[in-house]
Amino acid sequence: MIPFTVIGGFLGAGKTTLLNRLLAGGTGRRFAVLVNDFGALDIDGALIAAHGGDTISLANGCLCCTIGDSLVTTLLALLERPERFDHIVVEASGVADPGRIADIAVIEPRLMRDGVIVVVDAAEVRMRAADRRVGDTVTRQLAAADLLLLNKLDLAQDLPTLRHWLSTHSSAPILEAARAEVPIDLLFGLDRHGAPGGSDTANAFKSWSYEWPEPVARSVLLAMLRDAPAGVLRAKGILRFADTVDRRSVVHMVGRRIDVDEQGPWIEGQASRLVLLGTRAVLDWAQRGNTCRDV
Amino acid sequence: MSTIVYSARRILTMNPGQPFATHVAVRDGHILGAGSIESLKGWGKFELDERFKDRVILPGFVEGHSHAYEGGVWKFPYVGYFDRVSPEGKRSPGLKNIGEVVTALQAYEKTMPRDGSTLLAWGFDPIYFGGRRMDLADLDKVSTDRPVVIIHSNFHVLNANTPVFAKANITRSTNVHGIVKDAGGEPTGELQEITAKYMAYRAAGIELAAVLSDEPAIRGFAKVAQLAGVTTATDLHNELPESTVEAYLRATSSEDFPVRLLPAFAAGSVPPEQGIARLQALMKRNNDKLRFQLVKIVTDGSIQGLSARMRWPGYYDGTPNGVWNIGPDDIDRLLLAYHRAGFQVHIHTNGDEASEVAIEAVERALAAAPRWDHRHTLQHAQMADAGQFRRMKALGMCANLFANHLFYWGDIHYAKTLGPERAERMDACATALATGVPFAIHCDAPVTPISPLFTAWCAVNRLTASGRTLGEAEKISVADALRAITLGAAYTLKLDEELGSIDVGKRADFAILEDDPLEVAPEKLKDVPVWGTVLGGRVFEAPKR
């Protein structure tokens with residue numbers, strides 16, 4: 001299953017800047033990125049392997065153009081291609097509801113819904129939200145977010161009020177940035193081995209991992225994730241739950257959203273493993289993981 | 001340089017200087033003159049053709065808002081509530097309950113190869129079934145071996161069978177918008193919006209888009225249109241990939257292609273600099289039957305799809321406001337770019353907020369780049385009120401109103417989406433006339449069948465499917481409705497100097513009717529049989545039903 005991320009946010013919030021950072025970063029993973037407009041992207045010519053109409057093949061993945069009506073067909077064509085991708089990222093249009101696009105991953109067995117990242121223009125979002133013609137579009141986007149990227153922080157006025165206002169429209173954790181400068185691993189997840197990528201994770205962020213040799217109580221583990229402080233931004237675990245000891249359960253958290261999937265039989269001899277990613281400040285809380293085994 | 005004079009029981013010309021005639025002379029594909037046989041003799045030697053002497057000739061009908069995939073959907077079985085005519089002229093009878101739909105699909109399924117391929121059908125509309133919706137069990141009676149997908153008439157909702165749901169692993173715990181669930185929380189088999197679209201393409205294979213717009217589809221579309229008396233039709237939203245352009249060119253270059261086709265370029269599909277250059281290049285490939293010149297911007301969704309952008313007080317039943325396909329900022333940007341480049345832009349607006357945004361975008365474009373006779377046209381403009389029509393008039397805009405909606409969805413609009421007051425003034429033809437906004441009326445095929453006489457009947461009678469009269473005050477006369485499906489529609493396409501009326505020098509494009517639409521009772525207008533058409537002087541007889 002390929003992780004599937006949707007980047008939403010109103011016109012001008014900084015979606016393209018974020019995509020440029022994703023494409024420039026050496027994450028060691030192959031991304032397929034579906035965008036509205038190639039022209040707005042700043043693609044390093046040296047990375048371009050081939051340019052064919054609506055698709056550009058890159059050394060580290062590929063770019064597909066999905067402007068207009070073609071998201072569904074482009075995505076289906078992508079899934080039929082022989083080459084493999086580690087992650088698919090869709091740039092939603094500035095007026096789309098990114099949550100609806102992310103729903104595709106729930107009904108497509110080849111995809112795993114990773115998360116909805118909504119980029120917010122710190123200088124303009126409240127004005128846009130007050131506009132009678134687009135206000136509901138903006139607030140629907142905020143409500144659909146698993147993670148909010150509060151961008152253009154350098155242009156924001158009265159940040160405390162803005163943060164509070166955002167919290168009334170979304171329960172998602174807020175990452176703050178200027179020019180969309182955020183660790184790419186925080187947004188696009190842990191790599192396929194369940195470990196955070198190296199170089200890009202800045203000092204302000206940290207990962208923790210746990211191993212439990214014995215089966216884990218589902219309710220305790222899920223409660224722990226639900227109660228996690230806002231600084232825990234992501235989690236991924238491959239777990240042997242006590243109520244389904246013969247199955248591999250994959251737990252996946254982005255922001256406040258938690259998904260659990262069963263993926264095949266448990267392989268004897270392995271240990272349950274959970275990785276958390278978040279800000280350094282919540283380290284103490286993370287020690288609680290040890291309690292899961294005691295229940 | 002041969003001249004043929006056709007005699008007729010009566011010719012309705014749409015030319016106010018001479019509204020009626022008995023004879024029309026045709027030379028080189030154009031109209032040499034209309035009047036009495038005596039008045040035409042001065043043009044010299046002619047051959048008199050009397051095959052229409054008991055019939056009535058009108059200017060060929062102009063369908064200002066249709067889609068060529070009307071010709072493509074006939075590759076799949078039709079399971080709608082109302083009778084519908086295929087490109088071959090065969091009438092598919094309407095299916096009046098879910099049992100009939102299932103029986104028809106079971107029969108079709110037996111004709112399919114035993115290879116597990118998908119059964120796709122279209123045109124289904126459960127709103128007429130007294131509240132009963134189709135469910136998984138219904139379609140499992142058709143097959144539990146192959147995927148079965150039934151696309152609703154609005155093209156935004158579908159029903160599927162258990163194999164489709166199983167493959168997608170959709171269960172009661174699948175928490176996704178667009179999966180309809182029953183009171184007990186089980187998925188019913190109905191999917192909506194993007195979930196529906198994804199599943200339709202997935203089940204049918206991604207070549208669905210291609211088969212809906214290939215050359216046979218375009219030819220099928222032209223035939224369906226021609227059967228209804230249409231001689232000029234739009235394909236009013238197309239991204240114009242080269243494969244489709246080639247298909248248009250091949251189809252329209254053949255002598256027996258029976259309509260003039262106007263595709264509208266989907267402005268949202270590429271950045272405007274690219275789109276303008278592409279359209280300008282395509283215009284060099286225009287021929288007598290193919291005209292690249294229109295641009296389309298889709299702003300909101302549909303009223304019955306609960307996705308129209310409405311002004312206060314919004315949906316009558318409290319449904320939240322709809323969604324923008326292209327938002328206000330981008331409407332401004334796209335419109336201004338194509339406006340500056342000299343194009344006429346057709347703007348899809350169903351809700352009145354969408355109409356307001358589009359009108360204001362035109363206002364700003366005109367302030368930035370004054371232009372005469374742009375004729376930017378609101379397509380659908382279903383909720384536009386008198387104030388919006390006055391603004392459209394002041395700005396030089398046109399409207400193409402979705403009169404067929406009154407019949408097909410009028411009852412739903414009255415009871416659920418708009419409420420009595422706004423439903424009774426929707427698709428306001430009389431207001432367009434009173435305010436002087438040039439207007440056409442349309443079908444939006446394949447959303448509703450292409451048949452301009454039916455569309456005119458809707459504008460004249462404003463009857464819903466249940467028989468309710470929806471807004472006495474917005475009715476127009478038969479004469480005005482006939483003008484709207486000929487010269488009125490031609491005006492909204494900037495073709496009115498070339499066609500749309502029977503006048504000297506115009507193209508010899510005619511609709512040939514078995515009866516006189518000005519003499520039949522107005523409520524019988526839709527039943528006037530179409531004998532066929534004449535396109536550029538060439539006669540196309542419709543197959544006998």
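Just so you know, these numbers come straight off a predicted model, no measurement behind them.
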**Q.** Flag if over 12 foreign heavy atoms under 6.0 Å of CG, Asn175(B)
**A.** no

Q: With the side chain counted from C-beta on, respond yes when Thr137(A) and Asn321(B) share a heavy-atom pair under 4.5 Å apart, and no when they do not.
A: no

Q. Considering only heavy atoms, which portion of Arg110(A) lies under 4.5 Å from any heavy atom of chain B: side chain, backbone, both, or neither?
A. side chain

**Q.** Member of Leu11(A), Asp131(A), Val134(A) meeting the side-chain contact (heavy atoms from CB on, under 4.5 Å) criterion with Pro328(B)
**A.** Val134(A)

Q: For the residue pair Ile194(B) and Ile101(A), establish whether any side-chain heavy-atom pair is separated by less than 4.5 Å.
A: yes

Q: Output the option from Gly327(B), Ala168(B), Pro271(B), Ala267(B) having the highest count of non-hydrogen pairs under 4.5 Å with chain A.
A: Ala168(B)

(Q) For Arg84(A), give me all partners under salt bridge (charged side-chain N to carboxylate O under 4.0 Å, His left out), at least two apart in sequence or on another chain. (A) none

Q) Does Asp103(A) reach the main-chain N or O of Val176(B) with its side chain, forming a donor-acceptor pair under 3.5 Å? A) no

(Q) To check you understand the geometry: which heavy-atom pair defines the closest contact between Tyr201(B) and Leu76(A), and what is its length? (A) CB-CD1, 3.5 Å

Q. Is it the backbone or the side chain of Val270(B) that comes under 4.5 Å from a heavy atom of chain A, or both, or neither?
A. backbone

Q) Side chains of Val323(B) and Arg140(A): does their closest heavy-atom pair fall under 4.5 Å? A) yes

Q. Measuring from Asp329(B):CG to Arg133(A):CZ, what's the distance to the nearest 0.5 Å?
A. 10.5 Å

Q.
Please classify the contact between Glu193(B) and chain A as side chain, backbone, both or neither, with a heavy-atom cut-off of under 4.5 Å.
A. side chain

Q. Looking at Leu191(B), Asn169(B), Ile179(B), which hits side-chain contact (heavy atoms from CB on, under 4.5 Å) with Ile107(A)?
A. Ile179(B)

(Q) Let me confirm one number: the CD-CZ distance from Glu356(B) to Arg132(A), rounded to the nearest 0.5 Å. (A) 4.5 Å

Q.
Determine whether Asp136(A) and Arg309(B) satisfy the following criterion, side-chain contact (heavy atoms from CB on, under 4.5 Å), listing intermediate values before the conclusion.
A. CA-CA 11 Å; Asp136(A) 58 336; Arg309(B) 286 299 308 188; 2.8 Å; yes

